[in-house]
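Computed over heavy atoms, backbone and side chain alike; hydrogens, waters and symmetry mates excluded.
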Amino acid sequence: MLAKIEDAIIERCQRVLGDHVKTVEDLPGKWNEKTLRAALRKVPGVFVAWGGARGDGDLAQPATQNRYVVYVVTGHASGERERRRGNTRQVGAYELLERVVPAVHALTVPDVGSLTLESIDNLYADHFDKEGVVVYAAAFRLKVLWPAALSVNDLAPFELYTGTHRIGGDDDPDAESRVELPQPQED
C-alpha cells in the first residue's frame with residue numbers, strides 16, 4: 001500500500017512534468033548531504049519520499065495519517081534567482097512546484113484514498129547554495145486504513161494442541177498434554 005501511493009505520486013509527477021526534468025524517482029529517506037550528492041547529477045529533478053506516519057486509528061482498526069514529500073531540486077550556474085525562477089534555457093523550482101502541487105493535491109490512489117497538501121517548505125541551506133542547487137519540499141498527507149493483521153479464514157486449521165502445565169511446587173513434575181483435534185469432514 002505504501003509503495004502503491006509512492007508510485008502513484010511518481011507517475012502523476014512524470015505526467016505533468018514530462019521532459020522538463022531529468023528524473024522523477026523515489027527517495028529512501030529525508031533530504032540530507034548524501035541525497036544531495038546523488039541528486040546533483042539529476043537536476044532539475046523531483047524526488048518522492050514517504051515521510052512517515054502518525055497513528056490515527058482505534059482499537060478496531062489501525063489507521064495512520066501518512067506524510068509523503070515531493071522534493072523539487074534545480075540548479076543553475078547563473079545563480080540562486082535562476083534556480084528558483086528559471087530562465088529561457090532551464091526550468092526553475094517555482095515552475096516545477098506550480099505543476100506538481102496542483103497535480104498531487106487531491107490525487108486519488110485507488111483503494112487507498114486521496115492526498116491533501118499539507119505544506120511547502122524552502123529547504124535553503126548554505127551547503128545547498130554552495131553546490132548550486134535549491135531544494136523545496138511539498139508535503140502531502142493521506143489517511144490510510146490498514147488491513148487486519150490476520151483474517152480467521154487465513155489461519156491454518158487447529159489440528160494439534162500441546163501444552164506444559166506447572167502443577168504444584170518446584171519439586172513437583174510438570175504435566176504435559178497432547179491432543180489431536182478432530183477436523184470437519186469435507187463433503
Side-chain angles (χ1 to χ4, degrees), residues 1-76 83-86 90-125 128 133-155:
M1 153 182 60
L2 298 175
K4 182 178 183 179
I5 299 165
E6 189 175 83
D7 290 345
I9 296 169
I10 290 169
E11 189 276 327
R12 177 62 62 92
C13 289
Q14 287 170 333
R15 189 172 341 139
V16 299
L17 297 175
D19 60 359
H20 293 286
V21 293
K22 285 186 180 179
T23 189
V24 177
E25 62 186 48
D26 58 49
L27 187 68
K30 292 184 178 182
W31 199 260
N32 59 30
E33 292 271 348
K34 186 177 178 182
T35 52
L36 172 64
R37 296 274 175 246
L40 284 174
R41 296 180 300 276
K42 301 174 183 177
V43 295
V46 170
F47 303 87
V48 177
W50 179 58
R54 168 178 53 79
D56 195 21
D58 54 31
L59 291 177
Q61 185 171 16
T64 53
Q65 282 289 345
N66 289 266
R67 188 171 196 262
Y68 284 86
V69 183
V70 178
Y71 295 97
V72 170
V73 186
T74 60
H76 286 275
R83 291 177 208 137
R84 288 181 291 119
R85 296 182 174 207
Q90 193 174 5
V91 67
Y94 291 170
E95 294 170 280
L96 296 177
L97 283 170
E98 289 169 2
R99 288 177 182 236
V100 166
V101 170
V104 176
H105 177 72
L107 170 64
T108 299
V109 180
D111 302 320
V112 179
S114 299
L115 290 138
T116 305
L117 179 66
E118 179 181 279
S119 64
I120 302 173
D121 296 304
N122 180 342
L123 301 184
Y124 178 86
F128 292 166
V133 297
V134 293
V135 182
Y136 290 87
F140 299 87
R141 69 178 182 276
L142 170 63
K143 184 172 182 172
V144 172
L145 297 176
W146 292 71
L150 292 174
S151 167
V152 172
N153 297 328
D154 295 337
L155 296 174

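- The minimum heavy-atom distance between V43 and V133, with the atom names listed, is CG1-CG1, 4.3 Å.
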Test side chain to side chain contact (heavy atoms under 4.5 Å, CB included) applied to I5 and V144, step by step: CA-CA 10 Å; I5 299 165; V144 172; 4.0 Å; yes
Scan the side chains in residues 103-116 for donor-acceptor partners under 3.5 Å anywhere in the protein, sequence neighbours excluded, and list what turns up.
from	atom 1	to	atom 2	distance (Å)
H105	ND1	L117	N	3.0
T108	OG1	S114	OG	2.7

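- To the nearest 0.5 Å, atoms CH2 (W50) and CG (D26) are separated by 13.5 Å.
- Q90 and H76 make their closest contact through CB-CE1, 3.1 Å (heavy atoms, listed as atom of the first residue, atom of the second, distance).
- In this structure, CZ in R141 is found 12.0 Å from CG in N66, a value given to the nearest 0.5 Å.
- To the nearest 0.5 Å, atoms CD (Q65) and CG (L142) are separated by 7.5 Å.
- Distance check: L123 CG to F128 CZ gives 6.5 Å after rounding to the nearest 0.5 Å.
- Residues in residues 6-18 take part in these side chain to side chain donor-acceptor pair (under 3.5 Å) pairs, two or more places apart or across chains: E11-R15.
- Between atom CZ of residue R67 and atom CZ of residue F140 there is a gap of 10.5 Å, rounded to the nearest 0.5 Å.
- V24 approaches C13 most closely through the heavy-atom pair CG1-CB, 3.8 Å.
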In a table with atom names and distances, give each donor-acceptor pair under 3.5 Å that connects a side chain of residues 92-102 to protein atoms at least two apart or in another chain.
from	atom 1	to	atom 2	distance (Å)
Y94	OH	R84	NH1	3.2
E95	OE1	G92	N	2.7
R99	NH1	V16	O	3.1

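- The two atoms that bring W146 and A63 nearest to each other are CD1-CA, 3.9 Å, heavy atoms only.
- Taking all atoms of both residues into account, the shortest heavy-atom contact from V69 to A137 is CG1-CB, 3.7 Å.
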